[in-house]
Amino acid sequence: MPELPEVEVVRAGLEPALTGATVTAVRIYDVRSLRRHDAPSEDFVDRMVGSTFETPRRRGKFLWVPVGSETALVVHLGMSGQVLLRDPDAPLDRLTRISLDITHPRHGALRVDFVDQRIFGSMAIDELVESGDVPGDRVPSQVRHIARDPMDDQFDDARFFARLAKRNTGIKRALLDQTLISGIGNIYADEALWAARIHYDQPTGTLSRPRAKTLLAEVRLVLGKALAEGGTSFDAQYLNVNGESGYFSHSLNAYGQQGEPCPRCGRPIVREQFMNRGSHFCAYCQRVRSTARPSRG
DNA sequence: CCGGACTCCTGGTTGC
DNA sequence: TGCAACCAGGAGTCCG
């Protein structure tokens, strides 16, 4: 489940190889990986070949590589996507969906493989549009509705708290809403909520400002820590561009820890179904607080 | 605005 | 050993 740290590891890994590189050939092995490309696969191939990449960028879980000032190659890893840098003659992974041959002025010929088991991820060519908040900042049109992520210099804490307070929903649902705050998925939502001692279904309107601040701080802490450890891998589902696993799975306190003692109080971590996914939490440390909802004006 | 249901999807795991 | 059922969930859409 690639979330912000995993996508950033991929972005950073691609940066030296892609920046300034030119695409020489494209092979589509599975057109379903072009679901978000709003034209036939031939269009994707025709437009990619000859394109020169600029520095890869990221917002939340979306990654894109600008090609000139008007368009970008947008990559979303979905549940199981990987972008691997390979020697041009390296054997192809069985689940490779798209392959780009590139040539870099200093590194020479390389192959960029988009590997994706479940095909929830995708590649697409998209137009760059004004992001809307910072003048001159351009993002792919597919990314425009995605909120800035909490590691973004331009993330507006005050605006986040204000929007959060107006929501009438549970806190985990809000954390997973990429239009409110991006980059957080199931793993880091559970980890941040555990760290902040907040129940996943705590109504957003009942979170005091200090507790909301604590939560955002814990979000940043867990994302930063995971990033420093190269992301979270449970198996071969997530790898960096060199095909290596991250180590953060050894640092998880709640996610996937059902039945294990809570590292804080020793009571068992439990798992419940919520939003069609698992929620892992300590039923003692993370209880719903029945604070009166502030009256709305 | 909100939440639930549904869709996309397949390989690893579990169960018989 | 073989096969079917089950499970993981990011993001978009649709509907009540």
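Keep in mind that this is a model prediction, so the values were computed, not measured.
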Chemist: Do A:R36 and A:D126 sit within salt-bridge range, that is, some charged N less than 4.0 Å from a carboxylate O?
Modeler: no
Chemist: Write down the distance between NZ (A:K172) and C1' (C:dG10), rounded to a whole number of angstrom.
Modeler: 13 Å
Chemist: Using atom CE of A:M123 as one end and atom C1' of C:dG10 as the other, report the distance to the nearest whole Å.
Modeler: 17 Å
Chemist: For A:G278, report the nucleic acid contact type (base, sugar-phosphate, nothing); a contact means any heavy atom under 4.0 Å.
Modeler: sugar-phosphate
Chemist: With a 4.0 Å cut-off on heavy atoms, is A:R163 in touch with a base, just the backbone sugar-phosphate, or nothing at all?
Modeler: nothing
Chemist: If we require ring centres under 5.5 Å and near-parallel planes under 30°, does A:F120 stack on C:dA11?
Modeler: no
Chemist: Considering only NZ, NE, NH1 and NH2 on the basic side and carboxylate oxygens on the acidic side, decide whether A:E6 and A:K61 come within less than 4.0 Å.
Modeler: no
Chemist: Would you kindly give the CZ-to-C1' distance between A:R173 and B:dC2, to the nearest whole Å?
Modeler: 8 Å
Chemist: Flag the pair A:D177 and A:R163 as a salt bridge only when some basic side-chain nitrogen lies within less than 4.0 angstrom of an acidic carboxylate oxygen.
Modeler: no
Chemist: Rounded at 0.5 Å granularity, tell me how far CG in A:D201 sits from CD1 in A:I171.
Modeler: 10.5 Å
Chemist: Is the distance from OP1 or OP2 of C:dA11 to the nearest side-chain N or O of A:H76 less than 4.0 Å?
Modeler: yes
Chemist: Counting only side-chain N and O atoms of A:S80, is one of them less than 4.0 Å from OP1 or OP2 of B:dT10?
Modeler: no
Chemist: Considering only side-chain heavy atoms of A:R167, which listed nucleotide, B:dC6, C:dG10, B:dC2, is closest?
Modeler: B:dC2
Chemist: Does A:Y255 have a side-chain nitrogen or oxygen under 4.0 Å from the phosphate oxygens OP1 or OP2 of C:dG9?
Modeler: yes
Chemist: Quick check: on DNA chain C, is the nucleotide nearest A:F62 upstream (toward 5') of the one nearest A:N276, or the reverse? Name the residue that is more 5'.
Modeler: A:N276
Chemist: For A:K166 and B:dC2, give me the distance from atom NZ to atom C1', rounded to whole Å.
Modeler: 17 Å
Chemist: For the pair made of CG in A:L176 and P in C:dG9, what is the distance, rounded to whole Å?
Modeler: 11 Å
Chemist: Can you find a side chain N or O atom of A:R271 that sits less than 4.0 Å from OP1 or OP2 on C:dA8?
Modeler: yes
Chemist: Taking the minimum atom-to-atom distance to the side chain of A:M79, which one of B:dT10, C:dG10, C:dG12 wins?
Modeler: C:dG10
Chemist: Do the side-chain N or O atoms of A:H145 get closer than 4.0 angstrom to the phosphate oxygens (OP1, OP2) of C:dA11?
Modeler: no
Chemist: Does A:R118 make a side-chain donor-acceptor contact with the base of C:dA8, cut-off 3.5 Å?
Modeler: yes
Chemist: Between A:Q117 and B:dG11, is there a contact of a side-chain N or O with OP1 or OP2 at under 4.0 Å?
Modeler: no
Chemist: May I have the distance from A:L4 (atom CG) to C:dG10 (atom P), rounded to whole angstrom?
Modeler: 13 Å
Chemist: Heavy-atom nearest nucleotide on DNA chain B for A:L95 versus A:R35: which residue maps closer to 5'?
Modeler: A:R35
Chemist: Hey, are A:D157 and A:K213 close enough for a salt bridge, meaning a charged N less than 4.0 Å from a carboxylate O?
Modeler: no
Chemist: Quick one: CG on A:D89 to CZ on A:R111, what's the gap to the nearest 0.5 Å?
Modeler: 8.0 Å
Chemist: Identify which nucleotide among B:dC2, C:dA11, C:dG12 has an atom closest to any side-chain atom of A:R36, counting heavy atoms from C-beta outward.
Modeler: C:dG12
Chemist: Whole angstroms only, please: what is the NE2-C1' distance between A:H280 and C:dC7?
Modeler: 12 Å
Chemist: Output the rounded distance in Å from CG (A:L77) to P (C:dG9).
Modeler: 17 Å
